[in-house]
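I have placed the structure first, in the form of structure tokens, so that the comments after it can refer back to it.
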Amino acid sequence: GVQGFIGGNHFLNQMAARTGDGRAAALARFLLETPERKFFHANEETAYYHGAVWGLLTDESAVTPATIESPSRPLTHFEDSGLVQYQDPAADVVLSLRCGPWSGYTTERRAPGPCDRMEMMGGAGHFILAVGGRPLLTTPDGGYRLRSATRSVMLIDNAGPTGDIGYPMSIPSFRHRGEEVRAAHWSDAEGTGFVRLDLTPAYPAGAGLASYTRDFLCVPGKHIICRDHVVASEPHRFAWLFQGMKDTGLALEETPGGWTATLGQVPRLRIAARSSGAALSAACADTEVVYGYASSSHFAKFAHVRFETEPVRAVTVDFVLTWDS
């Protein structure tokens, strides 16, 4: 889902005062202009209202807020956090993903405590996609059962990446396995973006993966292709999940050359699955979520489409994402 920008007012004012950084001053002002919204947890309310008070009390107004410009290119890679974001402003489409240590590479190196190195989400390779400001591929609640089946990921014999063990809330002392954003760049000459994720280390050794990459080819005004290429030492059933909100609607149709899933109506997202090396079956189902005492989705219901192979050693699948806004 989409998270609000709240809290941190005091910190940003301190950074502006100590370093003279106009960007920090601009963000502090922006926080004061953030409108109220429906909070899902008391901590959000505390951060919002207390943050506003501390922001007003600590605003020295000595630093001129800088103009924070939008990225000059549609594809941005924040290397330390492993975050990649692609925007197609004309179509009002946003793709966002994160692959790497949950707290970032710097924290992973410098903070070795069990609570610093924990797994809170799981599901390496997961991504979200919003059209017209509405997430159509989204992130179901983690709640009290951490399972990859609540993420848009690949399963091997119905099991996800390491950590797919059903623990509630988080797994402490969870060391990063090495999955990473291998490449993320924008070509001005071709007007396209490319992202490659190396997801091989994220899966247990018993899965026998020789290689697993997930690529994104982003073509503004046309489509995004999510391409998964998998090679294993033994045959496995590979399955791919794509998560959406149940109330947006989810439909599936067998089309020439494969399957096409549709999420939403207006806006609408289509996922056309085309495989090389194995035939695909497909189905839609509700996504099982064990909700906690608070819910970032306000206890919404989720559903997913699942594409699956018969046992094979290697397969390449293109998921072609197109949309109507």
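Heavy-atom basis, side chains included; hydrogens, waters and symmetry copies ignored.
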Are any of the side-chain heavy atoms of [X] and [Y] separated by less than 4.5 Å?
X: Val231; Y: Leu209; value: no
X: Pro161; Y: Ser148; value: yes
X: Leu129; Y: Val94; value: no
X: Arg274; Y: Thr260; value: yes
X: Met118; Y: Trp102; value: yes
X: Leu263; Y: Leu137; value: yes
X: Thr139; Y: His126; value: yes
X: Leu241; Y: Arg151; value: no

Less than 3.5 Å apart, any donor N or O on the side chain of [X] or [Y] sitting next to an acceptor on the other?
X: Tyr49; Y: Glu36; result: yes
X: Ser173; Y: Arg117; result: no
X: Thr58; Y: His10; result: no

Distance check, rounded to the nearest 0.5 Å: [X] atom [atom1] versus [Y] atom [atom2]?
X: Asp80; Y: Glu108; atom1: CG; atom2: CD; answer: 11.0 Å
X: Leu83; Y: Phe78; atom1: CG; atom2: CZ; answer: 6.0 Å
X: Asp228; Y: Leu199; atom1: CG; atom2: CG; answer: 7.5 Å
X: Trp240; Y: Cys226; atom1: CH2; atom2: SG; answer: 10.0 Å
X: Leu75; Y: Ser187; atom1: CG; atom2: OG; answer: 11.0 Å

Do the side chains of [X] and [Y] get close enough for a salt bridge, i.e. N-O under 4.0 angstrom?
X: Asp157; Y: Arg237; result: no
X: Asp164; Y: Arg147; result: yes
X: Arg134; Y: Asp247; result: yes
X: Arg177; Y: Glu179; result: no
X: Lys301; Y: Asp286; result: no
X: Arg110; Y: Asp116; result: no
X: Arg214; Y: Asp198; result: no
X: Arg227; Y: Asp318; result: yes

Shortest non-hydrogen contact from [X] to [Y]?
X: Ile156; Y: Ala207; result: CD1-CB, 3.9 Å
X: Val312; Y: Ala278; result: CG1-CB, 3.7 Å
X: Pro140; Y: Val289; result: CB-CG2, 4.2 Å
X: Ile171; Y: Gly163; result: CD1-O, 3.6 Å
X: Ala16; Y: Ala24; result: N-CB, 3.9 Å
X: Pro220; Y: Gly191; result: CD-O, 3.2 Å

Once you measure the plane-to-plane angle for [X] and [Y], does it fall in the parallel (<30°), tilted (30-60°) or perpendicular (>60°) bin?
X: His176; Y: Tyr105; value: perpendicular
X: Phe242; Y: Phe307; value: perpendicular
X: His236; Y: Phe238; value: perpendicular

Tell me whether [X] at atom [atom1] has more than 12 heavy atoms from other residues, nucleotides or ligands lying less than 6.0 Å away.
X: Phe30; atom1: CZ; value: no
X: Met15; atom1: CE; value: no
X: Phe11; atom1: CZ; value: no

Sequence neighbours left out, what passes side chain to side chain contact (heavy atoms under 4.5 Å, CB included) with Val181? Give chain and number order.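 In terms of side chain to side chain contact (heavy atoms under 4.5 Å, CB included), with neighbours along the sequence ignored, Val181 is linked to His77, Val84, Cys99, Ala184, Val195, Leu197.
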
Can you check whether [Y]'s main-chain N or O pairs, donor with acceptor, with [X]'s side chain at less than 3.5 Å?
X: Arg313; Y: Ala232; answer: yes
X: Thr248; Y: Met245; answer: yes
X: Asn9; Y: Trp54; answer: no
X: Tyr48; Y: Thr34; answer: yes
X: Thr200; Y: Tyr212; answer: yes
X: Thr162; Y: Ala202; answer: yes
X: Gln87; Y: Asp92; answer: no

Evaluate side-chain contact (heavy atoms from CB on, under 4.5 Å) for Leu136 paired with Trp323, printing each intermediate quantity in order. CA-CA 10 Å; Leu136 295 180; Trp323 47 82; 5.9 Å; no

Step by step, work out the side chain to side chain donor-acceptor pair (under 3.5 Å) result for His229 and Thr316. CA-CA 4 Å; His229 178 63; Thr316 299; 2.7 Å; yes

Between Trp186 and Phe194, does the side-chain contact (heavy atoms from CB on, under 4.5 Å) criterion hold? Intermediate values first, please. CA-CA 6 Å; Trp186 177 262; Phe194 176 76; over 6 Å; no

Between Leu269, Val131, Leu321, which is the residue that forms a side-chain contact (heavy atoms from CB on, under 4.5 Å) with Val93? Val131

Check step by step if side chain to side chain donor-acceptor pair (under 3.5 Å) holds for Thr322 and His223. CA-CA 5 Å; Thr322 56; His223 60 231; over 6 Å; no

Start with the C-alpha distance between Arg23 and Asp21, add both sets of side-chain angles, then the distance that settles side-chain contact (heavy atoms from CB on, under 4.5 Å), and finish with yes or no. CA-CA 5 Å; Arg23 295 171 300 175; Asp21 192 333; 3.0 Å; yes

CA sep, side-chain torsions, deciding dist, call: Phe302, Lys246, side-chain contact (heavy atoms from CB on, under 4.5 Å): CA-CA 5 Å; Phe302 298 89; Lys246 189 172 182 178; 5.8 Å; no

As a quick check of understanding, evaluate side chain to side chain donor-acceptor pair (under 3.5 Å) for Thr287 and Gln243, giving each step before the final call. CA-CA 8 Å; Thr287 298; Gln243 306 286 344; 2.7 Å; yes

